[in-house]
Q: 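Before we start, here is the structure in question, set down as structure tokens.
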Amino acid sequence: MLPRAFYERPTLDVARDLLGKVMVHRTAGGVTAGMIVETEAYIGEDDPACHAAPGPTTRNAPLYGPPGIAYVYLNYGIHYLVNAVTEAEGHPAAVLIRALEPIDGLRLMSTRRAGDGRALSRHELCRGPGNLTKAMGITLSDNRLDLVGSRLVIEDRGVRVDEVSWGPRIGIRVATDRPWRCWITHHSSVSGPHSSRAALQLGKTRRD
DNA sequence: CGTTCGATGCACT
DNA sequence: GTGCATCGAACGT
């Protein structure tokens, strides 16, 4: 399990280093786990796309708390999105988990997403931030859970990531110029249109 | 391949 | 009342 110090760092570093790590959720229905393959950074009140942009509110309170905490919220009235709070207490920032490669509990994931109709392939199961929370069974009741020791944790299982790409964040209408989305290059569980994925690649493991 | 559009609930003005 | 850190079906090219 990743120590709190892992999250208590610059958010872009955490976003990159979370790639290859494994998110695990333990529920009464069973255990699900998946390797993180795509993330986005949301950094501070000066980032117009960050939920902290309006200043402290009831909803975004977890962003202002200690790092290593899960920030979960409902968006579009339909999807739960899960973040890992980063930086330091009083400095609101987080990493949005956008896609996983399923590792454990694939059958349970399929069941949870069964309402979607057609059968889903392995790489579709946790592709997209709303889809992965549904497959993992993550809801508002997971908000504020401690990722350093709770039913929702992130582990290092020794996976080494060779190539990382950076590009603009997806699905926002402001600050689209900041390349704060990162993903494992060429990984088939990464979200977004396949064709534009190549166009967005800014290079190898470095950002700027 | 691409774009458009409806579903749906909550926080915030 | 407005606006989302989305998704997938339905269309057009």
Side-chain angles (χ1 to χ4, degrees), chain A residues 7 11-12 14-16 18-19 23 34 36-65 69-87 91-100 102 109-144 147 165-183 188-200 207:
Chain A
Y7 303 97
T11 305
L12 293 176
V14 178
R16 178 198 60 216
L18 278 175
L19 299 177
M23 174 171 273
I36 298 169
V37 301
E38 179 185 3
T39 61
E40 278 178 1
Y42 289 87
I43 311 173
E45 296 178 348
D46 293 335
D47 175 4
C50 182
H51 280 186
T57 64
T58 307
R59 177 171 79 153
N60 67 25
L63 293 175
Y64 288 83
I69 301 297
Y71 171 46
V72 182
Y73 71 97
L74 178 67
N75 98 121
Y76 292 104
I78 304 173
H79 306 287
Y80 297 106
L81 271 58
V82 60
N83 300 251
V85 175
T86 59
E87 310 263 346
H91 187 149
V95 173
L96 170 68
I97 310 301
R98 286 196 57 92
L100 306 173
M109 289 179 180
S110 298
T111 304
R112 284 171 172 151
R113 295 207 50 199
D116 299 354
R118 68 202 173 77
L120 297 167
S121 73
R122 176 188 181 84
H123 291 302
E124 290 173 306
L125 230 34
C126 296
R127 175 188 290 166
N131 287 333
L132 77 88
T133 53
K134 187 172 183 182
M136 296 279 289
I138 294 171
T139 69
L140 223 46
S141 68
D142 293 291
N143 192 27
R144 299 173 183 266
L147 296 172
S165 296
W166 291 86
R169 293 173 293 184
I170 289 180
I172 55 173
R173 310 180 76 111
V174 291
T176 50
D177 56 316
R178 306 183 191 192
W180 289 355
R181 168 176 175 248
C182 66
W183 64 95
S188 50
S189 292
V190 170
S191 69
H194 186 281
S195 58
S196 62
R197 204 181 311 160
L200 288 176
R207 64 174 181 268

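Lettering of chains follows the sequences in order, A, B, ..., and the numbering in each one begins at 1.
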Q: According to a 3.5 Å limit on both distances, what stems of 3 or more consecutive Watson-Crick or G-U pairs are formed with DNA chain B?
A: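 Only these stems qualify: B:1-7 with C:6-12, B:9-12 with C:1-4.
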Q: Out of E124(A), E38(A), R122(A), H123(A), which residue meets the side-chain hydrogen bond (donor to acceptor under 3.5 Å, both in side chains) rule with S189(A)?
A: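 Result for side-chain hydrogen bond (donor to acceptor under 3.5 Å, both in side chains) with S189(A): H123(A).
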Q: Is there a side-chain polar atom (N or O) of R59(A) under 4.0 Å from OP1 or OP2 of dG9(B)?
A: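 The answer is no; no side-chain N or O of R59(A) sits under 4.0 Å from OP1 or OP2.
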Q: Could you identify which residues of residues 40-47 of chain A place a heavy atom less than 4.0 Å from some atom of DNA chain C, listed by residue number, or say none?
A: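 Listed by number, they are Y42(A).
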Q: List the atom pairs, donor and acceptor, that lie under 3.5 Å between side-chain atoms in residues 171-179 of chain A and the rest of the protein, sequence neighbours left out.
A:
none

Q: Using a cut-off of under 3.5 Å, enumerate the N/O to N/O pairs linking the protein to nucleotides 1-3 of chain C.
A:
none

Q: Rounded off to whole Å, could you give me the NZ-to-C1' distance for the K134(A) and dC7(C) pair?
A: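 The answer, rounded to whole Å, is 10 Å.
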Q: Can you list everything that forms a side chain to side chain donor-acceptor pair (under 3.5 Å) with H51(A)? Sequence neighbours excluded, please.
A: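 With sequence neighbours excluded, H51(A) shows a side chain to side chain donor-acceptor pair (under 3.5 Å) to Y71(A), given in chain and number order.
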Q: Which residues, if any, of residues 69-85 of chain A bring a heavy atom under 4.0 Å of DNA chain B?
A: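 Contacting residues: L74(A), Y76(A), G77(A), I78(A).
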Q: Among dC12(B), dT6(C), dG8(C), which nucleotide has an atom closest to any side-chain atom of T57(A)?
A: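 For T57(A), the side-chain atoms sit closest to dC12(B).
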Q: Pick the P atom in dT13(B) and in dA5(C), then give their distance to the nearest Å.
A: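 Approximately 14 Å lies between the P atom of dT13(B) and that of dA5(C).
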Q: In whole angstroms, how far is the C1' atom of dC4(C) from the CZ atom of R173(A)?
A: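 For the pair R173(A) CZ and dC4(C) C1', the rounded distance is 9 Å.
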Q: In sequence, state the C-alpha distance, the side-chain angles, and the governing distance for R181(A) and I170(A), and then conclude on side chain to side chain contact (heavy atoms under 4.5 Å, CB included).
A: CA-CA 8 Å; R181(A) 168 176 175 248; I170(A) 289 180; 3.3 Å; yes
Q: Apply salt bridge (Lys or Arg N to Asp or Glu O under 4.0 Å) to R144(A) and list each qualifying residue two or more places apart in sequence or on a separate chain.
A: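 If we apply the salt bridge (Lys or Arg N to Asp or Glu O under 4.0 Å) test to R144(A), skipping adjacent residues, there are no hits.
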Q: Can you check whether Y73(A) reaches N60(A) side chain to side chain, under 4.5 Å on heavy atoms?
A: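 Y73(A) vs N60(A): side chains apart.
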Q: Please report the interatomic distance CG(N83(A)) to CD1(I69(A)), rounded to the nearest 0.5 Å.
A: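 Result: 13.0 Å between the selected atoms.
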Q: How long is the line joining CZ of R98(A) and P of dA5(C), in whole Å?
A: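 Roughly 11 Å, once rounded to whole Å.
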Q: With a 4.5 Å heavy-atom cut-off, do N131(A) and C126(A) have their side chains touching?
A: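 No, side chains not in contact.
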Q: Return the set of residues passing side-chain contact (heavy atoms from CB on, under 4.5 Å) with T86(A) (not counting sequence neighbours), or none when no residue passes.
A: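 Once residues adjacent in sequence are excluded, the partners of T86(A) under the side-chain contact (heavy atoms from CB on, under 4.5 Å) criterion are T11(A), V14(A), A93(A), V95(A).
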Q: Figure out the CD1/C1' separation between I138(A) and dT6(C), and round it to whole Å.
A: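 One finds 16 Å between C1' of dT6(C) and CD1 of I138(A), rounded.
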Q: Check P102(A) against L125(A) and note the closest heavy-atom contact, atom names and distance.
A: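 So the two residues come closest at CG-CB, 3.8 Å.
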Q: Can you name the residues that form a side chain to side chain donor-acceptor pair (under 3.5 Å) with D142(A), not counting sequence neighbours?
A: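 Here the qualifying residues are H25(A), R151(A).
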Q: Can you check the N143(A) CG to dA5(C) P distance for me, whole Å?
A: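 Whole-Å distance recorded here is 16 Å.
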Q: Within this structure, what is the CD1-to-C1' distance between I172(A) and dC7(C), rounded to whole angstrom?
A: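 After rounding, the gap between these two atoms is 18 Å.
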Q: Can you measure L140(A) atom CG to dT8(B) atom P for me and round it to whole angstrom units?
A: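 Atom CG in L140(A) sits about 18 Å away from atom P in dT8(B).
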Q: dT6(C) C1' sits how many Å from R169(A) CZ, rounded?
A: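 My rounded result for the distance is 16 Å.
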Q: Give one of base, sugar-phosphate or nothing for L96(A), where a contact means two heavy atoms less than 4.0 Å apart.
A: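 If one applies the 4.0 Å heavy-atom cut-off, L96(A) turns out to touch a base.
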Q: Going by the rule side-chain contact (heavy atoms from CB on, under 4.5 Å), which residues pair with L74(A) if we only count those two or more places apart in sequence or in a different chain?
A: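 For L74(A), the residues satisfying side-chain contact (heavy atoms from CB on, under 4.5 Å) (neighbours in sequence not counted) are Y80(A).
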Q: If you look at every heavy atom in L63(A) and V85(A), which pair is closest and at what distance?
A: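 L63(A) and V85(A) have their closest heavy atoms at O-CG1, 4.0 Å.
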Q: Under 3.5 Å, side-chain donor or acceptor atoms of residues 41-50 of chain A against the rest of the protein: list the pairs with distances, not counting sequence neighbours.
A:
residue	atom	partner	partner atom	Å
Y42(A)	OH	E40(A)	OE1	2.6
E45(A)	OE2	Y64(A)	OH	2.5
D47(A)	OD1	A49(A)	N	3.1
D47(A)	OD1	R169(A)	NH2	3.1
D47(A)	OD2	I43(A)	N	3.1
D47(A)	OD2	R169(A)	NH1	2.8

